[in-house]
*Asks:* 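I am attaching a structure below and will ask some questions about it afterwards.
Residues take their numbers from the sequence shown, with the count starting at 1.
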Amino acid sequence: MNLIPIQQSGDDLYVTFTDDLLEELGWNVGDDLDWEIQTDGSITLTKHDKATAPSRSQCTSPQVPECVAAYGTPIHDC
């Protein structure tokens with residue numbers, strides 16, 4: 001497991017992935033990531049598996065005009 005610190009710029013929070021970490025994980029710039037909040041408050045990121053998860057076109061919500069990440073769900077699922 002790799003721990004990546006959260007950084008802040010104004011009101012925005014973000015993480016930075018080094019080239020070495022991306023290579024170790026087998027991730028590339030532009031990959032879709034899924035996230036899951038753990039019981040201890042940490043967040044687990046995994047590379048999105050297009051074969052087992054719904055496509056972005058399946059994101060529908062009559063109350064939300066665009067695809068928005070919800071607490072505890074993959075980033076692109078609504």
Side-chain angles (χ1 to χ4, degrees):
M1 176 187 334
N2 293 297
L3 298 177
I4 303 169
I6 296 175
Q7 300 171 326
Q8 185 168 4
S9 175
D11 292 336
D12 296 326
L13 300 173
Y14 65 95
V15 295
T16 301
F17 299 98
T18 63
D19 291 337
D20 291 338
L21 182 57
L22 289 174
E23 184 176 339
E24 179 183 334
L25 296 170
W27 296 356
N28 296 296
V29 172
D31 284 345
D32 289 330
L33 302 178
D34 295 330
W35 60 279
E36 182 179 336
I37 298 177
Q38 304 301 307
T39 56
D40 65 358
S42 65
I43 299 172
T44 300
L45 295 172
T46 55
K47 186 174 178 178
H48 177 69
D49 183 355
K50 293 176 184 168
T52 61
S55 72
R56 291 177 193 242
S57 64
Q58 293 173 313
C59 289
T60 58
S61 174
Q63 299 172 342
V64 181
E66 60 186 69
C67 199
V68 177
Y71 179 81
T73 60
I75 291 173
H76 73 279
D77 286 350
C78 296

*Asks:* With no hydrogens and no angle check, just 3.5 Å: does a side-chain donor-acceptor pair link Asp40 and Ser42?
*Replies:*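 Indeed, the side chains of Asp40 and Ser42 share at least one donor-acceptor pair under 3.5 Å.
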*Asks:* To the closest 0.5 Å, what do you measure between CG (Leu13) and CG (Asp11)?
*Replies:*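 Spacing of CG (Leu13) from CG (Asp11) equals 8.5 Å.
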*Asks:* Please tell me whether Trp27 and Tyr14 are part of a single hydrophobic cluster in this structure, the criterion being side-chain heavy atoms less than 4.5 Å apart.
*Replies:*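 No, Trp27 does not connect to Tyr14 through the hydrophobic network.
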*Asks:* For Asp34 and Lys47, which heavy atoms make the closest approach, and how far apart are they?
*Replies:*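 So the minimum-distance heavy-atom pair works out to OD2-O, 4.4 Å.
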*Asks:* For Ile6, does the CD1 atom have more than 12 heavy-atom neighbours from other residues, nucleotides or ligands under 6.0 Å away?
*Replies:*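 No, not enclosed.
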*Asks:* Nearest 0.5 Å, please: how far is CD1 in Ile4 from CD1 in Ile43?
*Replies:*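 Taking CD1 in Ile43 and CD1 in Ile4, the distance rounds to 11.0 Å.
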*Asks:* Just so I know, are the side chains of Leu45 and Leu25 near enough to count as touching, which here means a heavy-atom distance under 4.5 Å?
*Replies:*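 SC-SC contact between Leu45 and Leu25 ruled out.
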*Asks:* Holding to side-chain hydrogen bond (donor to acceptor under 3.5 Å, both in side chains), I want the full list of residues that pass it with Asn28, two or more places apart in sequence or in another chain.
*Replies:*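 Asn28 satisfies side-chain hydrogen bond (donor to acceptor under 3.5 Å, both in side chains) with no other residue.
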*Asks:* Is a donor on one side and an acceptor on the other found under 3.5 Å between the side chain of Thr18 and the backbone of Leu21?
*Replies:*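 Confirmed, Thr18 side chain pairs with Leu21 backbone.
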*Asks:* Where is the tightest heavy-atom contact between Gln38 and Glu36, given as atom of each residue plus distance?
*Replies:*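 Looking at all heavy atoms of both residues, the closest pair is NE2-O, 3.3 Å.
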